[in-house]
Amino acid sequence: MISIPDMKNLQRRREPYGNLEGGPISQFGLLDSDDMPRLERPSLRTIDKYIKPECPCLSKRYTVAVLTCLGFIITFGMRCNMGMAKLRTEHGSNLSQIESHQLFNWSVATESAVDSSFFWGYLITQVPGGFLASTFPANRIFGAAVVLSACLNMLVPGVSSDSNLLIVVRIFQGLVEGVTYPACHGIWRHWAPPLERSRLATLALCGSYAGVVIGMPLSGLFIKYIGYQSPFYFYGVMGMIWFVSWNWLVFEKPCKHPTISMAELTYIEKSLGQTVQMPVPTIFNTPWKEFMHSMPVYAIIVANFCRSWNFYLLVLYEALYFQDSFKMSVDKTGFIGALPHLFMTSIVPSGGLLADHLRKRGILSTTMVRKLFNCGGFGMEAFFFLVVAFSDSPVAATTAMTFGVAFSGFAISGFNVNHLDIAPQYASILMGLSNGIGTMAGFILPAVVDYITSDHKRSSWKKVFILAATIHFIGVCFYGTFASGELQPWAEPIGKEQNQMDEFSNSDPPTYEEVTKKKIRIMKYGSMEQNGSLNSSRQVSEEQDVYTKENKTIYNENTKDTNPFR
């Protein structure tokens with residue numbers, strides 16, 4: 001039996017837990033141990049009392065990844081609208097490229113300016129976007145960028161008759177979308193445990209390619225059956241609906257989520273340690289000199305430029321290539337052009353899972369994983385682009401392009417995650433820097449391709465794809481030589497800012513199982529160690545029973561791995 005004083009003591013020790021529905025809860029409240037963290041969550045918002053901010057089948061970090069993916073699907077779908085609108089069908093007949101110029105009243109130079117204007121703005125906000133994502137909540141920056149771009153997208157049909165106004169709108173679209181990639185890395189700085197960086201980041205970034213998969217055929221269908229204005233309005237409305245869901249479900253960091261489970265919160269906080277609490281990077285304390293002297297940084301920049309060149313080539317000109325070379329209609333080019341990106345969308349998250357598995361099991365070092373995935377993806381895409389260049393049939397060209405783009409999905413687990421490896425504190429800034437330089441491909445490419453393909457012959461497109469393959473081979477050589485997956489000396493925390501993870505501080509970041517098992521072991525062993533009497537032992541046993549009943553969800557999660565589906 002438990003005495004009255006013991007019962008009062010038990011009740012007093014149970015109070016910090018509250019309940020799982022909301023309010024501050026201490027993960028290790030039963031231990032009263034000074035060396036264990038007391039993690040708390042904020043109270044519920046008004047709307048959360050009626051509708052909880054959670055997806056029933058997803059953990060909170062995977063909810064962030066899925067919604068980020070949807071955000072990229074919308075933004076990259078909007079980028080397909082203009083390319084498909086230029087190939088629109090009028091009165092049931094296909095328009096040639098020359099007729100398209102006349103319909104929009106554009107010269108070749110004007111069309112190149114319209115195509116590249118988005119990237120003028122996109123380039124400007126890359127590095128500033130990295131600082132914004134470091135200074136302000138990155139989730140707010142990402143959400144605002146998507147919804148503002150969606151609103152601007154609905155203005156495009158109204159200004160399409162005036163090329164100057166259209167260029168201005170496209171520049172503003174680029175300005176707001178330029179912060180999305182840096183903001184994405186700013187989000188993962190707080191939400192991605194080190195051993196899950198590849199899978200979470202690639203799951204989010206695969207929305208870039210899924211956006212093309214959906215955007216090209218969907219825009220083609222809207223244009224054929226409704227009108228060329230319809231996809232611009234559709235994506236604008238979808239962006240606004242997404243923005244509402246994003247603000248409801250996504251929070252700046254795990255500790256600010258009111259309904260996150262204690263097991264998931266502890267796992268993320270333990271894995272990241274104190275690195276997320278380091279000083280906010282500013283223009284003055286950012287190690288610019290070290291950036292300029294770091295070959296791993298240059299490796300990421302070169303890889304980003306090479307990937308951007310080929311990606312923008314497909315987004316802007318894939319439909320035109322099939323139309324010029326094989327005389328396909330706009331709706332067919334939409335579906336066939338989306339096929340390669342469909343396979344890539346499935347490869348990108350799969351590659352992330354495989355990369356994390358190789359690192360977690362110690363099969364390959366992080367550096368080797370990044371080089372293998374990046375160089376393998378680039379090399380295979382370059383090879384299949386050469387096959388496209390010499391293809392004489394639409395079947396051969398489509399097959400080769402599909403395999404090439406699919407294999408390039410593995411490269412996303414290389415250079416696109418590499419920022420978080422070499423400098424997690426400066427990941428958003430490095431992403432802005434590398435993506436900004438990569439964006440230069442976006443406004444160089446239209447001028448080069450329009451010049452090479454001015455006669456719209458298949459032989460001209462052969463040169464375009466040979467050039468694309470050559471650029472990728474250069475990327476393979478440079479990244480394979482200079483890339484690294486290790487934390488760089490200039491990015492290491494110093495003094496009291498170092499990771500203070502106790503038994504984890506001198507080893508690899510803990511896995512989900514290690515954190516939860518450590519929690520249960522300390523509960524059982526630590527309590528019994530401090531109490532010698534039989535009566536005290538009974539009290540500890542009773543406390544453990546209370547813990548498992550009132551917090552069954554937390555206790556049961558120690559038997560689970562990092563599978564997001566609960």
Side-chain angles (χ1 to χ4, degrees), residues 126-136 138 141 179 181-198 200-202 204-205 253 268 271-305 307 352 355-356 359 365-371 373-374 412-438 478-479 481-499 501 505 508-509:
Q126 288 294 317
V127 175
F131 283 106
L132 285 173
S134 299
T135 306
F136 302 100
I141 301 297
V179 304
Y181 270 104
C184 179
H185 275 58
I187 292 170
W188 295 129
R189 180 180 171 225
H190 297 292
W191 277 97
L195 293 179
E196 293 187 17
R197 284 172 182 163
S198 299
L200 287 170
T202 52
L205 294 174
K253 55 183 70 174
I268 296 173
S271 298
L272 295 177
Q274 300 299 319
T275 56
V276 296
Q277 300 178 13
M278 294 174 66
V280 175
T282 65
I283 295 178
F284 303 103
N285 66 15
T286 298
W288 298 107
K289 183 178 179 181
E290 285 74 11
F291 285 0
M292 297 301 103
H293 290 84
S294 175
M295 293 310 296
V297 172
Y298 282 112
I300 295 174
I301 290 174
V302 170
N304 201 315
F305 182 89
R307 178 64 198 136
D356 280 342
R359 295 171 60 229
S365 66
T366 301
T367 299
M368 290 304 299
V369 167
R370 300 302 179 218
K371 289 184 177 182
F373 278 66
N374 196 84
I412 307 305
S413 297
F415 80 94
N416 233 344
V417 187
N418 209 182
H419 315 75
L420 293 165
D421 298 322
I422 65 173
Q425 183 186 7
Y426 307 107
S428 59
I429 298 173
L430 283 175
M431 185 63 193
L433 180 64
S434 65
N435 210 41
I437 296 175
F478 197 94
Y479 192 88
T481 303
F482 298 110
S484 173
E486 306 304 322
L487 181 67
Q488 298 301 292
W490 44 265
E492 291 181 354
I494 58 175
K496 65 180 181 179
E497 295 165 356
Q498 285 182 335
N499 197 329
M501 292 194 298
S505 60
D508 292 332

Which distance, rounded to the nearest 0.5 Å, do you find between the [atom1] of [X] and the [atom2] of [Y]?
X    : Y    : atom1 : atom2 : value
M431 : N418 : CE    : CG    : 11.0 Å
R370 : S484 : CZ    : OG    : 10.5 Å
Y479 : R307 : OH    : CZ    : 14.0 Å
L430 : I300 : CG    : CD1   : 6.5 Å
I301 : F482 : CD1   : CZ    : 13.5 Å

Going by heavy atoms in the side chains, are [X] and [Y] under 4.5 Å from each other?
X    : Y    : result
W188 : E196 : no
N304 : F415 : yes
W191 : L200 : no

Sequence neighbours excluded, the answer for side-chain contact (heavy atoms from CB on, under 4.5 Å) partners of A427 is H185, H419, L420
Check your understanding: Will you find, in the side chains of S413 and T202, an N or O donor that is under 3.5 Å from an N or O acceptor?
Key -> no
Which atom of [X] lies closest to which atom of [Y], heavy atoms considered:
X    : Y    : answer
A133 : G186 : CB-CA, 4.5 Å
A483 : T367 : O-CG2, 3.9 Å
V417 : I412 : CG2-O, 3.3 Å
A355 : V369 : CB-CG1, 3.7 Å
F373 : G414 : CB-N, 4.4 Å
Q488 : P296 : OE1-CG, 3.8 Å

Checking R359, K371, R197 against T366 for side chain to side chain contact (heavy atoms under 4.5 Å, CB included), the one that qualifies is R359
Problem - Side chain S428, main chain P182, donor-acceptor under 3.5 Å - result: no
Y298 (side chain) donor-acceptor with M292 (main chain) under 3.5 angstrom: yes
Above 12 or not: heavy atoms from other molecules or residues under 6.0 Å from CZ of F136?
no
- prompt: Just wondering, more than 12 heavy atoms not from M295 lying within 6.0 Å of its CE?
  reply: yes
By ring-ring contact (aromatic ring centres under 6.0 Å, His included), W288 pairs with (sequence neighbours left out) F131, F291
